[in-house]
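Keep in mind that this is a model prediction, so the values were computed, not measured.
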Amino acid sequence: MSQLIKLGRDGDVAIITIDNPPVNALSPGVPEGIRSSIEAVAKDPLVRAVVVIGAGSTFIAGADIHEFGKMTSGEKPFGTLLPFLLAIEDSPKPVVMAIHGQALGGGLETAMAGHYRVLAPSAQVGQPEVKLGIIPGAGGTQRLPRLAGVAKAVEMCAFGEPIKAQEALSLGIADRIIEGDLLAGAVALAREAADRHAPKTRDRNEKLADPDPAIFAAARDRVRRTWRGQPAPLAAIEAVEASTRISFEDGCRFEAKLFGECLVSPQSKALIHAFFGERTVNKIPDIPKSTPVYEIRRAAVIGAGTMGGGIAMNYANAGIPVIVKEATQDALDRGIAIIRKNYANSVQKGRFSQAYMDERMALITPQLSYDGFEQADIVVEAVFEGMALKKKIFAEIDAIAKPSCILASNTSTLDIDEIASATKRPQMVIGHHFFSPANVMRLMEVVRGKATGKDVIATSMALAKRFKKVAVLAGNCRGFIGNRMLGPYGREAQFLLEEGASVEDVNQTIYDFGFAMGPLAVFDLAGLDVGWRIRKEFKHLERPGVRVPLISDRLCELGRFGQKTGRGYSRYDENRKPLPDPETAPLIEQIAREAGIERRVIGKEEIIDRCVFALVNEGARLLGEGIALRAVDIDIVYLYGYGFPAWRGGPMFYADTFGLDRVLARVREFEARHGSDFWSPAPLLEQLAKAGRTFASYDRVQ
Ligand code: T1G
């Protein structure tokens with residue numbers, strides 16, 4: 001019997017315990033162990049019923065995702081869990097599934113093969129496979145509609161969100177919710193059911209009759225609007241729809257076919273890369289899990305602007321009392337009003353209750369002084385992006401804050417070491433770069449200065465988890481990872497305009513590539529004046545005679561800052577809907593003429609390659625410099641901070657898929673045409689391409 005499965009007894013009820021930490025995935029040995037246990041107790045006359053339960057924090061979190069790569073690379077054959085589940089369903093003795101934590105993917109499929117399911121009140125069940133670019137592959141699209149009905153099964157399989165225990169009970173997925181001792185409750189039901197006929201989910205067809213075709217049409221429409229470029233959700237709908245037309249066995253065969261097609265798709269490979277990437281970025285080679293962290297019980301934020309307000313909400317949402325300091329009463333009132341409005345919007349949308357909002361607001365203390373800062377465990381500076389002002393503030397808080405207080409800056413571009421030089425505790429200074437809106441965007445760049453302590457970094461990574469954010473560690477350079485790469489990306493978008501592409505061409509092409517928004521639309525959203533101020537701050541770094549993008553500055557000189565002024569690259573109506581601006585194209589033609597730039601017809605492929613490979617080339621450069629620990633860290637930054645399509649895996653993964661030799665050839669082409677000031681290939685890109693290697697292989701040796 002595999003060590004992963006333990007077989008015990010409680011009188012006449014057999015207890016099968018799955019013990020495969022950390023999440024009881026259906027790794028090799030687990031399905032086999034459960035099956036042989038079921039078959040063993042079937043022959044045991046003293047056993048009248050069976051309970052299956054997970055050890056540790058959860059039931060089964062699904063198939064072992066690590067195994068998929070081996071299947072798609074041909075290292076191991078496509079396995080199927082179907083016979084294992086039929087063995088459970090056909091057990092002569094009733095099988096009760098006892099679920100705590102999560103039953104996800106193959107975990108819910110296993111549970112549904114049982115005859116009864118009991119849930120702990122906090123348990124969740126779901127079919128999240130589409131988030132990995134696949135569909136349920138072990139009968140989930142056939143058994144779930146039989147238990148929960150067609151409409152809910154379509155929603156759960158096509159969109160992948162888990163549901164809570166109460167809803168599972170009301171839908172018929174769960175038979176009971178057990179308050180208190182889950183195992184005891186499961187054993188009790190098993191004993192009750194021992195002499196009853198055990199209902200097989202596959203035979204329960206009553207909920208499949210006459211489904212409303214609108215269910216499928218509405219789901220397909222929603223997929224087209226919200227899951228662009230991803231085939232898996234449509235495949236999931238097709239599979240559930242099939243369950244209403246064909247037999248269970250044929251339905252499982254059809255599901256397995258669609259599952260196989262999805263698993264080998266580039267989208268699935270990219271999404272599985274992103275799944276593990278999100279977990280890898282947490283691991284910092286020289287900062288072991290045992291590194292001590294500071295306890296963060298009280299916080300203070302300086303600046304109640306867009307960023308400061310959002311940052312304060314993160315602390316309040318994590319239950320940490322937070323002071324918000326501003327320089328003037330007006331600014332403070334404006335900032336607090338925005339925080340209150342953000343919470344009220346969420347209450348209105350039913351995301352949480354008024355009571356929850358009131359509790360959060362009560363944790364936020366607005367003020368104009370530094371009173372109370374001496375008790376803070378962390379102070380976050382979120383003021384205007386100017387070095388002089390930041391250094392003045394860091395010197396002030398350094399003098400007030402207690403020695404163990406972490407001093408963090410939300411700067412998005414400035415030198416953390418120079419900011420730290422304004423204090424006597426550079427080891428306590430770190431960058432916490434949030435993304436706007438800071439209470440929504442999941443990414444947090446944690447910027448390590450040369451003196452930043454490992455305990456301060458470990459504390460910051462742990463704090464990000466409390467904020468439910470994905471934190472990526474970045475080295476200290478101008479713009480860190482994300483914004484440093486955004487520079488060349490934005491440059492190329494503007495150069496493409498100067499050379500002949502239209503604003504709509506560039507935005508639509510990059511949108512169709514899969515980004516949440518085109519680059520010029522993003523700049524209009526963020527406000528062109530933000531970049532304009534930063535460029536002025538770094539004017540002294542411009543290289544004489546080297547071409548610089550001209551359009552954004554010209555638009556700003558005309559007061560066109562983007563959405564906030566109703567005009568930027570595009571014009572915006574009262575609902576902030578972008579519209580082509582008839583004055584933009586002639587203005588760009590004039591700028592190009594004045595600069596002697598020849599204009600030509602530019603195709604979609606060039607727009608994509610110049611924007612995306614500008615990201616890749618700069619990414620390879622900062623990876624080679626060690627600013628990013630791994631290529632996957634760069635991918636996660638772009639997925640969670642810059643709207644890069646997850647189903648393409650991130651810029652570095654995309655480059656690997658495209659082939660680094662072809663990427664290098666394209667970069668060299670652009671270098672020949674546009675000069676090495678912009679397109680000299682990053683040494684690491686050249687090195688890996690020449691060696692026929694990938695960024696992923698580079699990560700493996702890091
Ligand atoms: N397979 C392999 N490893 C897994 C795993 C899985 N299914 N789930 C988690 N891990 C690893 C993860 O990489 C991390 O490793 C550690 O466990 C802790 O995870 C047949 C085909 C369950 C909600 O999509 O959503 O079933 O970094 O940090 O925040 O139809 O993990 O420590 O080395 O995320 O507490 C469907 C995926 C699979 C669920 C827990 N299942 N997992 O979150 O911990 S496809 C899923 C999660 C399938 C069937 C199909 C979350 C979690 P490391 P963690 P957490």
Under the side-chain contact (heavy atoms from CB on, under 4.5 Å) criterion, do V632 and M652 qualify, and how do the steps go? CA-CA 7 Å; V632 71; M652 311 313 274; over 6 Å; no
Do [X] and [Y] make a side-chain contact, defined as non-hydrogen atoms from C-beta onward lying under 4.5 Å apart?
X	Y	result
I627	F480	no
Q494	L550	no
R630	P285	yes
T291	V293	no
F495	I597	no
I481	V472	yes
P437	M441	yes
T423	L407	yes

Partner residues of [X] under the side-chain hydrogen bond (donor to acceptor under 3.5 Å, both in side chains) criterion, sequence neighbours left out:
X	value
R621	none
E278	R442, Y640
R533	none

Backbone of [Y] reached by a side-chain donor or acceptor of [X] within 3.5 Å:
X	Y	result
N410	F434	yes
T72	G69	yes
R228	Y511	yes
Q267	A232	no
S436	A438	no
N342	G310	no
R466	A462	no
T58	V23	no
D455	P292	no

Taking all non-hydrogen atoms of both residues, which atom of [X] and which atom of [Y] are closest, and how far apart?
X	Y	value
H432	L463	CE1-CD2, 4.2 Å
V456	S460	O-OG, 2.8 Å
N439	K469	C-NZ, 4.3 Å
I284	I457	CD1-CG2, 3.9 Å
N476	L414	OD1-O, 4.1 Å
A628	L623	O-CD1, 3.6 Å

Does K325 make a cation-pi contact with Y370, if we ask for NZ or CZ under 6.0 Å from the ring centre and within 45° of the axis? yes
Inspect the surroundings of CZ in R298 and state if more than 12 heavy atoms from other residues, nucleotides or ligands are less than 6.0 Å away.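 Not buried by this count: 12 neighbours or fewer within 6.0 Å.
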Gap between atom [atom2] of [Y] and atom [atom1] of [X] - 0.5 Å precision:
X	Y	atom1	atom2	answer
K131	S268	NZ	OG	14.5 Å
L688	L664	CG	CG	10.5 Å
E606	F613	CD	CZ	12.0 Å
I296	C405	CD1	SG	7.5 Å

side-chain hydrogen bond (donor to acceptor under 3.5 Å, both in side chains) contacts in which one or both residues fall within residues 642-665, not counting sequence neighbours: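 Listed by first then second residue: N483-Y642.
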Side-chain ion pair, [X] and [Y], N-O less than 4.0 Å:
X	Y	value
E75	K70	no
R547	D677	no
E625	R484	yes

Name all residues meeting the salt bridge (Lys or Arg N to Asp or Glu O under 4.0 Å) criterion together with [X]; count only those two or more places apart in sequence or in a different chain, and write none if there are none.
X	answer
D377	R297, K402
K390	E381, E385
K465	none
E669	R666

For salt bridge (charged side-chain N to carboxylate O under 4.0 Å, His left out), just list the numbers for K604 and D505, CA-CA rounded to whole Å, side-chain angles, deciding distance to a tenth of an Å, and then say yes or no. CA-CA 8 Å; K604 292 185 185 314; D505 280 350; 5.7 Å; no
Which of D635, V637, L639 passes side chain to side chain contact (heavy atoms under 4.5 Å, CB included) with P651? It is D635
Pairs where residues 444-467 contributes a residue and the test ring pair (Phe, Tyr, Trp, His ring centres under 6.0 Å) is met, not counting sequence neighbours: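 Those involving residues 444-467 are Y315-F467.
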Tell me the salt bridge (Lys or Arg N to Asp or Glu O under 4.0 Å) pairs involving [range], sequence neighbours left out?
range	answer
residues 422-438	D398-R425
residues 408-417	D417-K450
residues 304-317	none

Return the orientation label for the F561 and W532 ring planes: parallel under 30°, perpendicular over 60°, tilted otherwise.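 Rings of F561 and W532: tilted, 30 to 60°.
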Describe, in one word, how the ring planes of F670 and W679 are oriented to each other, choosing from parallel (under 30°), tilted (30 to 60°) and perpendicular (over 60°). tilted
Take I65 and L132 through the test side-chain contact (heavy atoms from CB on, under 4.5 Å) and record every step on the way to the result. CA-CA 9 Å; I65 304 169; L132 300 169; 3.7 Å; yes
Is there a side chain to side chain donor-acceptor pair (under 3.5 Å) between R448 and T452? Walk through the geometry before answering. CA-CA 6 Å; R448 178 181 202 161; T452 305; over 6 Å; no
I'd like to know whether the aromatic ring centres of F435 and H433 sit less than 6.0 Å apart in this structure. yes
Please check if the distance between the ring centroids of F515 and Y489 is under 6.0 Å.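 That pair passes the under 6.0 Å test.
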Quick one, R491 with E618, criterion salt bridge (charged side-chain N to carboxylate O under 4.0 Å, His left out). Give me CA distance, side-chain angles, the key distance, then yes/no. CA-CA 12 Å; R491 176 200 71 213; E618 193 62 26; over 6 Å; no
